[in-house]
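Below is one structure, written out as C-alpha cells, with a few remarks after it.
For the single chain, residues carry numbers from 1 onward in sequence order.
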Amino acid sequence: MGQIFDWPITVYYEDTDAGGVVYHANYLKFFERARTEILRSLGFSQQRLLEQNIGFVVRTANVDFIRAARLDDQLTVKTSVVELKKVSLTFCQELVNPNGQLLCKALVKVACIDNQKMRPTGLPQSMILEFTHSDC
C-alpha cells in the first residue's frame, strides 16, 4: 500500500462550465475513472466483478478544491490506497498539472457490497493480496 498509480486526464469541453473551468462534480468523475483504472491495472475488471455480484459504493468523500482545472488541460490523477479493511478501501487521490501543482485532493472510502443483497461483503482475498503487494 502507499504506492502511487498515475492516470492521465484531459479536460474536455463537456467537463467545463461556460467559463471553461471544470465543473466541481466532474472532479469526482476523474477520481472515479482513476479508481477503476487502478483496479484494471491489477487485473480486476469491473465487469467481471459485477458478474460475481461484487460492487463498490462510495461511503465517504472528502474533497478539497484548491485550484481550477481548465479546458484542454492535460492533468494526472495520482491515486494510492491509504487504508485497507475487510470490506473497504480508502483512497487518497490528487489531481495535478504537468508542473506538479495540486488542483484538487480527495480522500474517498469505498465499500465492497454484494450487488444482489445490497449489503457489505468482504473484499475478494485476491484483491487484498494485490493491494498489499502491488507496485502500482
Determine the minimum heavy-atom distance between [X] and [Y], stating which atoms define it.
X: A69; Y: L103; value: CB-CD1, 4.0 Å
X: C104; Y: F65; value: SG-CD2, 3.8 Å
X: D114; Y: K117; value: OD1-N, 3.0 Å
X: V22; Y: R70; value: CG2-N, 4.3 Å

Is it the case that one hydrophobic cluster holds both [X] and [Y], taking links as side-chain heavy atoms less than 4.5 Å apart, direct or via other members?
X: L84; Y: I54; result: yes
X: V58; Y: V63; result: yes
X: V81; Y: L49; result: yes
X: L42; Y: M127; result: yes
X: V96; Y: I66; result: yes

Euclidean distance, [Y] [atom2] relative to [X] [atom1], rounded to 0.5 Å:
X: L129; Y: F131; atom1: CG; atom2: CZ; value: 12.0 Å
X: K85; Y: I128; atom1: NZ; atom2: CD1; value: 13.0 Å
X: T79; Y: L39; atom1: OG1; atom2: CG; value: 10.0 Å
X: Q47; Y: Q52; atom1: CD; atom2: CD; value: 10.5 Å
X: Q93; Y: R35; atom1: CD; atom2: CZ; value: 5.0 Å
X: Q3; Y: I38; atom1: CD; atom2: CD1; value: 10.0 Å

In a table with atom names and distances, give each donor-acceptor pair under 3.5 Å that connects a side chain of residues 11-19 to protein atoms at least two apart or in another chain.
unit_1	atom_1	unit_2	atom_2	d
D15	OD2	Y12	N	2.8
T16	OG1	Y13	O	2.8
D17	OD1	G19	N	2.9
D17	OD1	G20	N	3.3
D17	OD1	V21	N	3.1

query = Can you check side chain to side chain contact (heavy atoms under 4.5 Å, CB included) on E94 and S80, steps first, answer last?
reply = CA-CA 9 Å; E94 298 179 340; S80 62; over 6 Å; no

Less than 4.5 Å apart, side chain to side chain, heavy atoms only: is that true for [X] and [Y]?
X: F56; Y: Q46; answer: yes
X: C112; Y: K86; answer: no
X: V77; Y: R33; answer: no

query = More than 12 non-hydrogen atoms from neighbouring residues, nucleotides or ligands closer than 6.0 Å to CD on Q74, yes or no?
reply = yes

query = Would you say T76's side chain and K78's backbone share a donor-acceptor pair under 3.5 angstrom?
reply = no

query = Are the side chain of N97 and the backbone N or O of N99 linked by a donor-acceptor pair below 3.5 Å?
reply = yes

task = Might you work through the salt bridge (Lys or Arg N to Asp or Glu O under 4.0 Å) test for R40 and E37, ending with a clear yes or no?
result = CA-CA 5 Å; R40 188 187 320 272; E37 295 304 330; 2.9 Å; yes

task = Might you work through the side chain to side chain contact (heavy atoms under 4.5 Å, CB included) test for F31 and L95, ending with a clear yes or no?
result = CA-CA 8 Å; F31 292 150; L95 184 67; 4.1 Å; yes

ask   = Mind checking whether W7 and F5 have parallel, tilted or perpendicular rings, split at 30° and 60°?
value = parallel

